[in-house]
Amino acid sequence: MKIVSYNVNGIRAAIKKGLVEWIRASNADIICLQETKAQPEQIPLFDLEEMGYISNWFSAKKRGYSGVAILTKTEPDKVVSGMNIDVYDVEGRLMRADYGDVSVISVYHPSGSSGDIRQAFKMKWLEDFQKYINELKKERPKLIISGDYNICHKPIDIHDPIRNATSSGFLPEEREWMSGFLDSGFIDSFRYFNEEPHQYSWWSYRANARANNKGWRIDYNMVSNPLENKMNSARILPEAMHSDHCPVVLDIDF
């Protein structure tokens with residue numbers, strides 16, 4: 001199975017930049033999207049259906065904001081939208097699709113970069129997300145959690161770890177949460193196969209950051225430990241230019 005996670009930073013804008021054609025060429029089995037910023041009626045679903053994708057969308061109540069989706073060529077046994085926590089679900093941040101004993105999740109973790117209030121919201125989300133996953137694992141231990149985590153884990157995951165040490169997305173408490181999340185039974189699939197630094201999935205639009213590779217690796221395909229021996233490869237596709245993020249890919253058998 002080829003699983004792609006892609007924060008499209010507004011799917012309608014990404015479509016204008018050739019996203020549909022890219023999806024067709026990628027031939028992925030499952031595509032987890034984040035920050036769709038659209039309601040389903042605003043998306044050309046016919047084009048996706050023509051390619052053989054069943055699409056499931058979980059949009060924020062606020063139009064033009066947040067939102068996640070799962071596009072899949074295999075119909076899931078079950079699709080669940082949200083965590084059943086209203087304060088997060090109104091922002092459309094999580095969707096789960098079950099395939100036999102494996103669940104694939106598309107998640108969009110909050111950003112705290114706009115100020116203290118949203119940073120506090122992000123930290124509370126991280127706490128509640130961990131609790132949600134801990135409970136889910138009791139019923140569904142084989143998990144693939146794909147999405148924009150808005151956290152760089154280690155210094156090799158960010159272009160300037162010293163200057164960004166006090167920036168949201170690389171704060172000590174965020175990185176500590178990420179370490180704890182991995183220790184709770186997950187594998188960072190990209191780092192499992194790739195040890196080299198300077199491989200990023202997000203770049204600021206400012207100051208030619210992408211051209212100069214001044215980026216952050218904040219997009220992940222996390223795999224629960226029971227699926228470790230099913231992973232085949234993981235990679236980042238920085239050449240995709242539909243967003244300020246780029247796709248991250250996992251090849252896995254299930």
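Computation of the quantities below employed the complete heavy-atom set of this structure, encompassing side-chain atoms and omitting hydrogens, waters and symmetry-equivalent molecules.
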Practice task
Taking Gln39 for its side chain and Ala60 for its backbone only, find out whether a donor-acceptor pair lies under 3.5 Å.
Solution key: yes
Practice task
Side-chain contact test, heavy atoms from C-beta onward, threshold under 4.5 Å: evaluate it for Tyr220 versus Asp188 and give yes or no.
Solution key: yes
Handout entry: Sequence neighbours excluded - salt bridge (Lys or Arg N to Asp or Glu O under 4.0 Å) pairs with any residue from residues 46-69
Key = Glu41-Arg63
Handout entry: Note, Phe129 side chain near Ile133 side chain (heavy atom, < 4.5 Å)
Key = yes
Practice task
Kindly indicate whether the side chain of Tyr108, heavy atoms from C-beta on, has any atom under 4.5 Å from the side chain of Asn150.
Solution key: yes
Practice task
Give, for atom CG of Asn221 and atom CD1 of Ile252, the distance between the pair rounded to the nearest 0.5 Å.
Solution key: 9.0 Å
Exercise for the section: Begin with the C-alpha distance, continue with both residues' side-chain angles, and end with the deciding distance and a verdict on salt bridge (Lys or Arg N to Asp or Glu O under 4.0 Å) for Arg118 and Glu91. Expected result: CA-CA 13 Å; Arg118 286 303 289 184; Glu91 296 193 357; 3.1 Å; yes
Fill in the blank from the handout: His153 and Ser179 have their tightest heavy-atom pair at NE2-OG, 2.8 Å
Handout entry: Hydrophobic cluster membership, Ile15 vs Leu237, 4.5 Å side-chain cutoff
Key = yes
Problem - Candidates Asn225, Val104, Asp101 - the one meeting side-chain contact (heavy atoms from CB on, under 4.5 Å) with Lys142 - result: Asp101
Exercise for the section: Please determine which of Ile3, Val223, Asn194 meets the side-chain contact (heavy atoms from CB on, under 4.5 Å) test together with Ser189. Expected result: Val223
Problem - Test item: Ser201 side-chain N/O and Ile218 main-chain N/O as donor-acceptor pair under 3.5 Å - result: yes
Handout entry: Sidechain-backbone polar pair: Arg96 side chain, Met83 backbone, donor-acceptor under 3.5 Å
Key = no
Handout entry: Minimum side-chain heavy-atom gap Val68-Trp57 below 4.5 Å
Key = no
Practice task
Only pairs at least two apart or in different chains count here, so list each salt bridge (Lys or Arg N to Asp or Glu O under 4.0 Å) that has a residue in residues 170-179.
Solution key: Lys122-Glu174
Practice task
Go through Tyr99 and Thr72 one step at a time and tell me if the side-chain hydrogen bond (donor to acceptor under 3.5 Å, both in side chains) criterion holds.
Solution key: CA-CA 11 Å; Tyr99 303 84; Thr72 173; 2.8 Å; yes
Problem - Crowding at NZ, Lys17 (>12 non-hydrogen neighbours, <6.0 Å) - result: yes
Exercise for the section: Evaluate side chain to side chain contact (heavy atoms under 4.5 Å, CB included) for Val248 paired with Val4, printing each intermediate quantity in order. Expected result: CA-CA 6 Å; Val248 295; Val4 172; over 6 Å; no
Completion exercise
Distance col, row Ile31:CD1 vs Trp22:CH2, nearest 0.5 angstrom, shows 6.0 Å
Practice task
Can you measure from CG (Asp219) to SG (Cys246) and round to the nearest 0.5 angstrom?
Solution key: 7.0 Å
Exercise for the section: Would you mind checking if Arg140 and Asp98 are paired as a salt bridge, meaning a charged N to carboxylate O distance below 4.0 Å? Expected result: yes
Practice task
Count the heavy atoms belonging to other residues, nucleotides or ligands that lie under 6.0 Å from CG of Asp116, then report whether that count exceeds 12.
Solution key: no
Exercise for the section: Ignoring hydrogens and angles, state whether a donor on the side chain of Glu228 or Tyr192 is under 3.5 Å from an acceptor on the partner side chain. Expected result: yes
Practice task
Determine whether Cys32 and Gln34 make a side-chain contact, defined as any pair of heavy atoms from C-beta on separated by less than 4.5 Å.
Solution key: yes
Problem - Full working for side chain to side chain contact (heavy atoms under 4.5 Å, CB included) between Lys73 and Met1 - result: CA-CA 10 Å; Lys73 289 190 172 181; Met1 299 285 281; over 6 Å; no
Practice task
Quick one: pull up OG in Ser204 and CG in Asn212 and give me the separation to the nearest 0.5 Å.
Solution key: 11.5 Å
Practice task
Any pair with a residue in residues 73-95 that passes ring pair (Phe, Tyr, Trp, His ring centres under 6.0 Å), sequence neighbours left out, goes on the list, sorted by first then second residue, please.
Solution key: Tyr88-Phe121, Tyr88-Trp125
Problem - Presence of salt bridge, Lys138 and Glu135, under 4.0 angstrom - result: yes
Exercise for the section: Would you mind reporting whether Leu71 and Ile54 have side-chain heavy atoms less than 4.5 Å apart? Expected result: no
Handout entry: Where at least one partner belongs to residues 77-87, residue pairs that pass salt bridge (Lys or Arg N to Asp or Glu O under 4.0 Å), sequence neighbours excluded
Key = none
Exercise for the section: Report yes if some heavy atom in the side chain of Asn9 is under 4.5 Å from a heavy atom in the side chain of Asn7; otherwise report no. Expected result: yes
Handout entry: Closest non-hydrogen atom pair, Trp202 against Asp244
Key = NE1-OD2, 3.0 Å
Problem - Spacing of Trp203 atom CH2 and Asn208 atom CG [to the nearest 0.5 Å] - result: 14.0 Å
Handout entry: Non-hydrogen side-chain atoms of Tyr149 and Phe181 separated by less than 4.5 Å
Key = yes
Practice task
Looking only at non-hydrogen atoms, find the nearest pair between Asp29 and Tyr53 and report the distance.
Solution key: O-CE2, 4.2 Å
Handout entry: Nearest heavy atoms of Trp216 and Ser167, plus distance in Å
Key = CH2-CB, 4.0 Å
Problem - Residue Glu75 excluded, over 12 heavy atoms near CD under 6.0 Å - result: no
Problem - Sidechain-backbone polar pair: Tyr200 side chain, Asn213 backbone, donor-acceptor under 3.5 Å - result: no
Practice task
May I have the step-by-step check of side chain to side chain contact (heavy atoms under 4.5 Å, CB included) for Ile11 and Leu33, ending in yes or no?
Solution key: CA-CA 9 Å; Ile11 192 166; Leu33 300 177; 3.8 Å; yes
Completion exercise
Smallest heavy-atom separation, Met241 atom then Pro238 atom, equals SD-O, 4.0 Å
Practice task
Go through the steps to decide whether Ile187 and Leu182 satisfy the test side chain to side chain contact (heavy atoms under 4.5 Å, CB included), and finish with yes or no.
Solution key: CA-CA 6 Å; Ile187 300 162; Leu182 291 166; 5.8 Å; no
Handout entry: Exceeds 12 heavy-atom contacts within 6.0 angstrom, atom CD of Glu196
Key = yes
Problem - Qualifying salt bridge (Lys or Arg N to Asp or Glu O under 4.0 Å) pairs, either residue in residues 158-170, two or more places apart - result: Asp160-Arg163
Exercise for the section: Please round to the nearest 0.5 Å and tell me the distance separating atom CE of Met95 and atom OG of Ser106. Expected result: 8.0 Å
Handout entry: Residues which pass side-chain contact (heavy atoms from CB on, under 4.5 Å) with Ile156, listed by chain and number, not counting sequence neighbours
Key = Lys154, Arg191, Pro197
Exercise for the section: Before accepting this row, confirm whether a basic side-chain N of the pair Arg93/Asp89 lies closer than 4.0 Å to the acidic partner's carboxylate O. Expected result: no
Handout entry: Whether over 12 other heavy atoms sit under 6.0 Å from Asn229 CG
Key = yes
Problem - Criterion side-chain hydrogen bond (donor to acceptor under 3.5 Å, both in side chains) on Gln119 and Ser168, from CA distance to verdict - result: CA-CA 7 Å; Gln119 183 63 36; Ser168 177; 2.7 Å; yes
Exercise for the section: Check Arg235, Lys230, Lys2 against Asp251 for a salt bridge (charged side-chain N to carboxylate O under 4.0 Å, His left out) and give me the one that passes. Expected result: Arg235
